[in-house]
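Chain identifiers are assigned alphabetically (A, B, ...) following the order of the sequence lines, protein sequences preceding nucleic acid strands; residue numbering begins at 1 within each chain.
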Amino acid sequence: DGGITQSPKYLFRKEGQNVTLSCEQNLNHDAMYWYRQDPGQGLRLIYYSQIVNDFQKGDIAEGYSVSREKKESFPLTVTSAQKNPTAFYLCASSMGQNPYNEQFFGPGTRLTVL
Amino acid sequence: AQRVTQPEKLLSVFKGAPVELKCNYSYSGSPELFWYVQYSRQRLQLLLRHISRESIKGFTADLNKGETSFHLKKPFAQEEDSAMYYCALKSGGYNKLIFGAGTRLAVHP
């Protein structure tokens with residue numbers, strides 16, 4: 001495996017704390033995405049970015065923030081405003097706006113709020 | 001509203017039996033649909049896309065606009081097909097995907 005890396009694999013956080021999940025890709029992809037995966041709900045889009053220094057809210061952006069300062073990096077911050085942050089988080093990337101471009105996924109980070 | 005529905009959480013079959021994983025969508029326009037698969041301890045990955053009309057690992061999926069369906073089929077299931085399968089719909093002008101809740105396929109020997 002390679003291409004897209006996410007760290008850490010497991011993350012524990014106390015209530016009220018912000019935490020940042022890392023996502024890095026070396027595929028030279030323009031677009032990057034953050035999804036949240038919950039049992040029985042599939043994947044839901046949190047934020048996406050089509051190009052450096054630009055990003056858009058997805059379907060469940062409340063309580064999350066992102067930045068895209070470099071092409072290869074798209075970190076996700078889970079803030080204390082996120083009411084139910086315990087979940088599995090997946091990062092993905094794709095070449096660009098071509099609708100048939102495959103999205104490549106990272107291994108995921110499991111966040112648990114204690 | 002744009003939506004993808006996978007009605008079965010779990011599909012359990014015996015090796016050699018035919019498999020059909022159901023996917024229905026709601027979309028106003030010309031849909032672009034995909035099947036993604038996640039094998040145990042592996043990353044989520046693209047299995048096939050309707051535009052390619054391809055067969056991957058023996059799986060096929062036909063877009064039926066009349067029934068708004070994109071069911072995934074395989075005539076003879078193998079144990080290595082056991083995995084989580086997600087149907088996805090491209091949404092909007094960018095390469096955004098709306099995923100269904102997923103169906104776990106379990107193929108027994």
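Taking hydrophobic clusters as Ile, Leu, Val, Met, Phe, Trp and Tyr residues chained together by side-chain heavy-atom distances below 4.5 Å, A:V78 shares a cluster with A:M32. Linking Ile, Leu, Val, Met, Phe, Trp and Tyr whenever their side-chain heavy atoms come within less than 4.5 Å puts A:F74 and A:V19 in one cluster. Taking hydrophobic clusters as Ile, Leu, Val, Met, Phe, Trp and Tyr residues chained together by side-chain heavy-atom distances below 4.5 Å, B:F59 shares a cluster with B:F70. A:F88 is not connected to A:I60 by any chain of hydrophobic side-chain contacts under 4.5 Å among Ile, Leu, Val, Met, Phe, Trp and Tyr, and they are in different clusters. Cluster membership for A:V113 and A:L11, using ILVMFWY side-chain heavy atoms within less than 4.5 angstrom, is not shared.
A:F104 does not touch chain B: none of its heavy atoms, backbone or side chain, sits under 4.5 Å away. Contact of B:Q38 with chain A is made through the side chain alone, with heavy-atom distances under 4.5 Å.
The 12-atom threshold is exceeded at OH of B:Y39, counting heavy atoms of other residues, nucleotides or ligands nearer than 6.0 Å. Heavy-atom contacts from other residues, nucleotides or ligands closer than 6.0 Å to CD of A:E62 number 12 or fewer.
If you take CG on B:L47 and CD on A:E102, they are separated by 10.5 Å, rounding to the nearest 0.5 Å. Taken from CG in B:L46 to CD in A:Q103, the straight-line distance is 9.5 Å, to the nearest 0.5 Å. Residue A:D59 holds its CG atom at 9.0 Å from CD of B:Q2, rounded to the nearest 0.5 Å. In this structure, CZ on B:R43 lies 7.0 Å from CD1 on A:I4, to the nearest 0.5 angstrom. In this structure, A:L43 CG and B:L44 CG are separated by 6.0 Å, a value rounded to the nearest 0.5 Å.
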Go through the steps to decide whether A:Q37 and B:Y86 satisfy the test side chain to side chain donor-acceptor pair (under 3.5 Å), and finish with yes or no.
CA-CA 12 Å; A:Q37 188 176 28; B:Y86 292 95; 2.6 Å; yes

| said: What verdict does the side chain to side chain contact (heavy atoms under 4.5 Å, CB included) test give for B:K96 and A:Q56, after you've listed the backbone C-alpha separation in whole Å, the side-chain angles of each residue and the deciding distance to 0.1 Å? | reply: CA-CA 11 Å; B:K96 288 171 54 181; A:Q56 306 294 329; over 6 Å; no

Report the C-alpha distance between B:Q45 and A:F105 in whole Å, list the side-chain angles of each, state the deciding distance to 0.1 Å, and finish with yes or no for side chain to side chain contact (heavy atoms under 4.5 Å, CB included). CA-CA 7 Å; B:Q45 58 188 287; A:F105 285 82; over 6 Å; no

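The two residues A:G40 and B:A101 make their nearest non-hydrogen contact at O-CB, 3.4 Å.
Not one N or O on the side chain of A:R44 forms a donor-acceptor pair closer than 3.5 Å with the backbone of B:I98.
Below 4.5 Å, heavy atoms of chain A meet no heavy atom from residues 72-81 of chain B.
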